[in-house]
Each structure stands twice: as structure tokens, then as C-alpha cells.
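Take a look at the structure below.
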Amino acid sequence: MTVAISHLDLLEAEAIHIFREAAAQFRKPVLMYSIGKDSTVLLHLARKAFYPQKPPFPLLHIDTTWKFREMIAFRDKTVRDFGLDLITYVNKDGVERNVNPFDFSPSVYTDVMKTAALKQALDIHGFDAAFGGARRDEEASRAKERVFSFRSAGHRWDPRKQRPEMWRLLNGRLGAGETVRVFPLSNWTERDIWRYIQREELDIVPLYLAAPRPTVERNGQLLVVDDDRLPLLPGETPLVQNVRFRTLGCYPLTAAVKSTAADLDSVVEETLTAKTSERQGRLIDHDQSGAMEKKKQEGYF
Amino acid sequence: MTAIASARRNVPAPGSPTTSPAAHVQASGGSVVARTNPRPAAVSRSTTSARELNGILRLLTCGSVDDGKSTLIGRLLFDASDLYDDQRATIERSRLAGTSGLPDFSLLVDGLAAEREQGITIDIAWRYFDTEKRRFVVIDSPGHEQYTRNMASGASHADVAIMLVDARSGIKKQTLRHAAILDLMGVRRVVLAVNKMDLVDFAQGKFTAIADEFAKLTTRFGFTEAIAIPVAAVTGDNIARQSENMPWYTGPTLLGYLDGLPSRITQATGQFRMPVQTVLRDGLDFRGLAGTVASGNVCVGDRIVDVLSGRSSRVLRIATMGRDLEIARTGQAVAIQLEHDLDISRGAVLSGAGPQPVAANALDVRFVWLAEDGFDPKASYLLRTATDLVPIAKLNISALLDLETLQTTPASRCAMNDIALAGIELGRAVAVDPFADQPETGSFMVVNTLTGASVAGGVILEARAAESPIAISATGFVVTRATLAAGLCSDLGDNAADRAEFERRTVELVRLFGAAGTAVSFDI
Ligand SMILES: Nc1nc2c(ncn2[C@@H]2O[C@H](COP(=O)(O)OP(=O)(O)O)[C@@H](O)[C@H]2O)c(=O)[nH]1
């Protein structure tokens, strides 16, 4: 008789398989750690893949300097608890030019503090492979993404240079100047991420749980006033409301949702029956049409 | 649907009223992690939303342009009711905007900008939906002749294929091509969706004629099951809902049929095979062979063979983080510790006591050429098996398969999208199986040594063990004169200078092995 393995077990095994293939084939991999729920799952799977060893690669966090403070505290605790190596990288040039989410458009800000920073960090350390938590279900332009996504020199993503992937065979042989992004969560959905966090009882940043937080409403989006760097517009007074986040990023660019789901089980329940997809909370995506695809070609994942 | 939150635990109402932002920031800054609360044991896990689905089915869709493939996929996503409101709103808007009064479901399967401009899909897209029972992965690949490679790579992942035809035009030349590619890539189940039945007045005769022709066509291949279902993707007839317009049809709906199918993974009940990906160590006590069970299963205590070295041992421990397992099944990723450390590394394929993989130096294969540049007899290629990568010494293309006639014609070259038969000789042995016996360890890719590009992907028809010049005795590894002549010294002839060089290399080899502390005997 055949015993059916649950879909989460299969997704987990597939991710572990991908981690091991990449670690065996690439010279110097790194795990792009963004502290959010996808990164949390990614890191957990990396630990599983190499148990009882530690993951044979460091974590890389691109710090835009505008992350929620609770994210940074969570990051540091995670690294300590699991005894991991963390590299944090800030685009100093961007900081010097005071590139911030208020005086610059979201796309310029993201380009400098995230995309350029990531490329710099990968180049400085000479990483030939970077694990990321991207999923194919996130957005139309990602539906065709490979598990091993190749980047030519300058980190450019060329749809025509992507390699066909067949069966479970992952070909990681690099051509001159090539690097690769590796996506172990390719076949996961947003719902799977939550189900898995619940099943594995993973710790997540408390911002995912509803709590009373000071908020202001702008363009129909709820922003949380994380620190005194958020310039209040005339007439704005922060209003304390019960909110949580479905996705985490830079606080001035990440919208909260009103919610009373204050523990993980309620968040999962709310998410599994949610009516809007998560990227609606990510303000940069509304910036221009086809935005993600362009960003990807430029190296934003 | 039961709300888990209320079923589980009474959560204290969120926060006592917090008045000042400053006070809040302090409060939340204090707690660094959100903990998962331990679940009361008594709570049932069977609530709809928290359930784990019963496996994954990968579904390939193929059809010619305008047969309604995008519409069908959109409809499947829509009917499986896993959509978000914003997506539903898009569909509703399209209904109002159009002139036909029908919604445009294909909007749910939008592609890349470059492809939108060309108005054609040129790659494989992956989409996901759930039914009550299981996860579905839709692999959307184009059906054009010039995209044989995309369809073939899509098919390599598929448990089942939906072949789409327009009820008005029926089976086309394309349909035969598609069936042939599916068969080559090991898809064993196919469904013919006869679409746009609304445009032929839901006529039974139309459907039966097409279904009969399909039945005839599919007997030419190795499918274990091939059925036809009359549908109308736009209206949803026989997709998730039994069609009232076709009372004469008593078979399953498309989704109903798919929901009941086994996946490749549950079918992979053959011999135990686990390609070793890497070796995990923990101090001196643990050396785990890490990999994913490709087929069959293995228990603690089972005898394990490594066909490349010809050695065997027993399973001492099956480790995963959190807990050890008694049995590892198909699809599970584990680390296996053996009773006796066999010094096995990446590339080995662990097998059980039954039929072994072949330690092969020569293969007969069939592949689809994927690269834009055709086969170049002067280029250097590598063979990528499950976890091994071996230089190809010789690649001899013998014939090309014509997908329209299913005849082969002799050839020595091949170009993109060609299906070729070839013989491959390898620089050293790899552990593989014939695809027909063990698909999971019977497939491969050909890699361009220089660029790294994946230039071909295919299946092994026959694997032959060249007589091994390396003898393995009970005491271990023995290097003979023949071993050296076949490899290390193959460039040397029979003159005095070459014999001296042979001598020198042998002595050097003995010295190196000795220095490395490796027990190797020389029988020269
Ligand atoms: N009447 C009718 N039209 C359909 C049906 N399925 C698809 N179509 C139409 O056929 C055309 C081609 O469909 P599309 O999904 O874009 O085809 P694709 O090129 O195979 O992806 C569109 O105008 C659809 O609205 C159907 O079941 N009935």
C-alpha cells in the first residue's frame, strides 16, 4: 500500500533537496535573510537540510536602516539562538546621500537601499549563490521563475538565458561571470508558509500578530509610526489601533491591516480565509505596471 | 469551516487600552519573538483551513493556440475557489467589459511582459490551487512545434497531462506530437479535454467521434490511462460542475477525475533508490549520507548497496532534525548513517537488496535538444544524473525521431527541439537505471562544460557496465596495470620512454596514496 505524504511534507522535502543540491554545487553560497515569515521558513528548512551540522553558509541581511525595530531585535536573537553567522550590509553611499523613503520615490529608494545594496554585498563577498525566499505564486512575473535562477555579470536577469529544469535535476554549473539565486520555496504558497509556521511552531516577528500600535492613514494605507523618523503631515495624529502586518519590510513602505488576531492560530485562520493577496500591503508594487518584472531584470531578486 | 482560534485557546483580548504611542513602542520593543503557543492535545487538526492536503498532483496542460488553454487554467483556479477578492474582481470586470457577456478567465494566467507583447507564451509557468483533497500544481507550457523543448521539460515534472482540443476542429496533427512528447517524458496518464462544447450545441456525436479518434491514437503509446471529457471552459461545464447541458455524459468532471489520481511519487513504489547529495558530519560519531528517497523505501537494519564501489552495509540510523525515523519513504529527505562507514560520497546511489542500479560507462539514451545552438561534435559535454556529474567521452547521435510519423531517420547531428537517439560513453562509471524500470534514477541532462548551459534532457534506454578495469577485492581497492593503462596512462604507448613514464606515474601514485593513508593495493 502506498502511504500518501502530506503536501507540506513534500514541499519541505523538496526545499531540503534544493538546499543540499546548491550547497554541494556552489563554491560560496549565502542565505538572503530578510527577517520576515518567508525567511523564517527558509532558515528553518536550511537548518533541517544540514542537521546535525549547521547550515554551511552565512546569513546576509540587507539593512535599509528603515526596518521595524522589532525586526532587528528578532534577527539578532535568531542568530544568537541558532549560533549562525550573520552579515549585515548597508549601502553607505545611499546613507550618505540620505536616500530615504520620504524624499525619494519608493522605486528609487528601493533601488538604492535594497537592490544596489544587495549587488554590492554579493560582489564584495564573492558569493556565487544566494538563497532567497521567493515563491512562484507571489506575482505573475515569478510564475516562470526557475529554482536555480541564473544572473549574468552585473546580476542581470535575462529571461532568455534561463535554463530549462527537468525532473529533479538541478544543474548548477556556472558559466563565466554567472551567479545564481536559489529559491527553495518556489512551489510554496502564502498559505503554505503560514500552515508550516504553525505546524513547526516557529517563532516569528511579533509584528505579524495584532497589537495596539500607533498608526496614521495615508492614501488609504495604514502606516505604523515605528519611531520618530516618520514625519507627520499637518493634521496627522497617530491613532492607536489593533493592527498587524501580513508582510514586513521598511516601515514607511509597509501597510498594516486592522486585525484582532493576536496569536498565531488566529493569524493563520485569518490568512487562510483572506480576501486579498499579500502584496497589496507592499506599497512599491503599486508604483508602476510591470514593476516587479523590471525590478527583477535589474536585480531586485 | 471552524475557526481555529476559538477552538484552540481563549486568547486574551488584544492589549489593554494603550494610550500613547511612546508607551506602546516601549511595550512592543520588549518582546522580541512571537511564540507559537503550545496546542492543547485534545484539539482536532481537521479544521478545513489548518489541514494538510493529501499530497500534490502536478498537472501539465497542452494545446494549440486558441483551443482555450488559458481559459481552462483560469477556470480551474477560479472553480477551486482559492482566489483572492482582487482576482475575482478582475474576472468580473472582464465580463462587464467584454461584448460576449462571458468573463475572461485567461486574465488569471498572465505572463511576462515580453511574452505579452509577442502575444504568445514561450516558457513554462507554474500555478497552484487546492481542492478539498490535495494541492494541484498546474504546469502551463506552450504547444507549438518550436516549443517542443518547453513542453518536454514541463512534461518531465507532470503526473498527468490535460490535452486540450477545440470541439469544432477535434484532433489535430499537434495532438499526436503532444502525445508522443508526453510518452517520451514518462507521463503515464492523459486526459483529453474536448473544449468549447457550447459551440457545437453540446452534441454527443461530436464528442464521441473525437473521443474514439483519441482512443485509437493513444494505443500507439505506453499510457496506462487515457480518457476524454467534454467540457466548456468558459461556462464551467464538466470542469468542477457536472454539465446540465450534456446529460448524455455520465463520466467524471475534469476536477473530479484529477482529484482521484495517484501522483508519480505515490506510484514510485519500485526498488529503493537514494542518490547521495552530500555527507553530513557531527563530530566523530555521525557521518550521514544525505539525500531524498527517489523511490521505494528503506528501514533501519536494511542492507544497503553502493553499486559504484560494490560495497554494502546496513542502515544504522535515519536522521532528520527533530526525530529519527524507522522508515524513510519515497519523497522524504533524510540522512542515513550506515553501520560501517563505506566512504561513500555525492554521486553514489544507495539501493537495497533487490535489483541494483547499473554502474554504467555506456548508455543508450533518448533526449530532447534544448539549447539554441545545436549539437557540436567538437564541444565538451558533461552528463548530469541525479547527483553526479561526469565527463562525456563520446556522444554519438544515431537517429532523430519524427514526431508526426513516429518514425526515426538516421542522423548524426541535432538542433533545438529535436528528439534524438544517441549512444553516450562516459569518462567514468555512473550509477543509473533504465528509465522504464526506475524513472527517478533513469533521467539525465547534458551540460555544456564551458558555459554550464543545460543543452539536452532525456531518459536512459539502456545502461551498460563496461568491464571494470578496477577490481575490488575483499581487502579493498586494487589498482592493476589495466586500470592505469585505461585511464591515467592512456596517452602512453609501448616505446621505452613511455614505459619509463608509466613506471614513474605508478610509483608516484603509490607514494601519494601511501601519504594519504589510503589502503590501496597495487597489482602491477
Ligand atoms: N465559446 C467558448 N469559447 C471558449 C471556451 N474556452 C475558451 N474560449 C475562447 O477561445 C479563445 C481562446 O482562448 P484562450 O484561453 O485564450 O486560448 P489559448 O490560446 O489556448 O490559451 C478565447 O476567446 C476564449 O474566450 C469555451 O469553452 N467556449
Side-chain angles (χ1 to χ4, degrees), chain A residues 2-8 10 13 16-17 20-21 24 47-48 50-53 69-70 73-74 77 136-137 140-141 143-144 159 163-164 166-167 169 171 173-175 189 201 203-204 206 209-214 225 238 240 242 260 262-266 269 272-273 275-277 290 293, chain B residues 3-5 8 11 14-15 18 21 24 28-29 31-37 49 52-56 84-86 110 112-114 123-128 134-135 137 149 153 156 266 269 277-278 280-282 286 290 292 321 329 331-333 346 370 384 443 445 447 451-454 457:
Chain A
T2 57
V3 180
I5 301 183
S6 87
H7 86 292
L8 278 187
L10 289 171
I16 290 174
H17 185 83
R20 288 169 171 173
E21 277 308 285
R47 293 179 55 237
K48 282 199 174 197
F50 301 101
Y51 171 85
Q53 279 177 212
R69 289 172 304 157
E70 281 174 273
F74 180 88
K77 179 169 172 15
R136 287 171 176 149
D137 88 318
S141 80
K144 308 192 174 193
R163 300 178 184 175
M166 297 176 78
W167 293 288
L169 309 176
N171 168 22
R173 194 176 175 90
L174 296 172
T189 65
E201 307 190 340
D203 293 335
I204 51 171
L209 309 184
R213 298 187 170 97
V225 186
V240 174
N242 271 311
T260 54
D263 66 301
L264 187 72
D265 288 350
S266 337
E269 178 65 14
L272 293 181
T273 56
K275 299 283 185 214
T276 53
S277 44
E293 190 172 328
Chain B
I4 330 180
R8 294 244 164 102
V11 185
T18 310
H24 160 70
S28 73
S31 90
V32 173
V33 294
R35 282 212 177 268
T36 309
N37 296 291
S49 55
E52 288 186 31
L53 301 163
N54 196 359
I56 299 178
Y84 294 113
D85 271 3
D86 41 330
D110 212 357
L112 297 178
D123 211 333
I124 300 174
W126 301 76
R127 300 195 174 78
Y128 309 85
R134 59 163 31 149
R135 160 68 42 83
V137 179
R149 58 173 186 156
S153 57
S156 75
T266 48
T269 47
Q277 294 185 278
T278 184
L280 302 173
R281 288 186 182 77
D282 188 24
F286 184 84
T292 307
M321 190 169 94
R329 298 178 203 280
Q332 280 184 304
R346 179 173 169 82
L370 305 163
R384 182 78 167 81
S443 54
M445 297 202 84
V447 174
T451 63
S454 305

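Numbers restart at 1 for each chain; the letters A, B, ... are given by sequence-line order, proteins then strands.
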Any B:Thr292 side-chain heavy atom under 4.5 Å of A:Ile16 side chain: no

Expected output: side-chain B:Gln277 to main-chain A:His17 donor-acceptor under 3.5 Å: yes

Selection from B:Ala453, B:Ala290, B:Gly457, B:Ser443 maximising heavy-atom pairs under 4.5 Å formed with chain A: B:Ser443

Chain A contact via B:Thr451 - which portion, at a heavy-atom distance below 4.5 Å: backbone

Residue pair B:Arg135 / A:Thr189, side-chain heavy-atom distance below 4.5 Å: yes

Chain B contact via A:Arg20 - side chain, backbone, both or neither, heavy atoms under 4.5 Å: both

Shortest non-hydrogen contact from A:Pro214 toward A:Pro238: CB-CB, 4.0 Å

Qualifying residue for side chain to side chain contact (heavy atoms under 4.5 Å, CB included) with A:Met166, from B:Arg149, B:Arg384, B:Met445: B:Met445

Most chain B-contacting option - heavy-atom pairs closer than 4.5 Å, from A:Lys48, A:Glu21, A:Arg47: A:Glu21

Side chain, backbone, both or neither of B:Leu280 within contact of chain A (heavy atoms, under 4.5 Å): both

B:Arg346 portion near chain A, given a 4.5 angstrom heavy-atom threshold: side chain

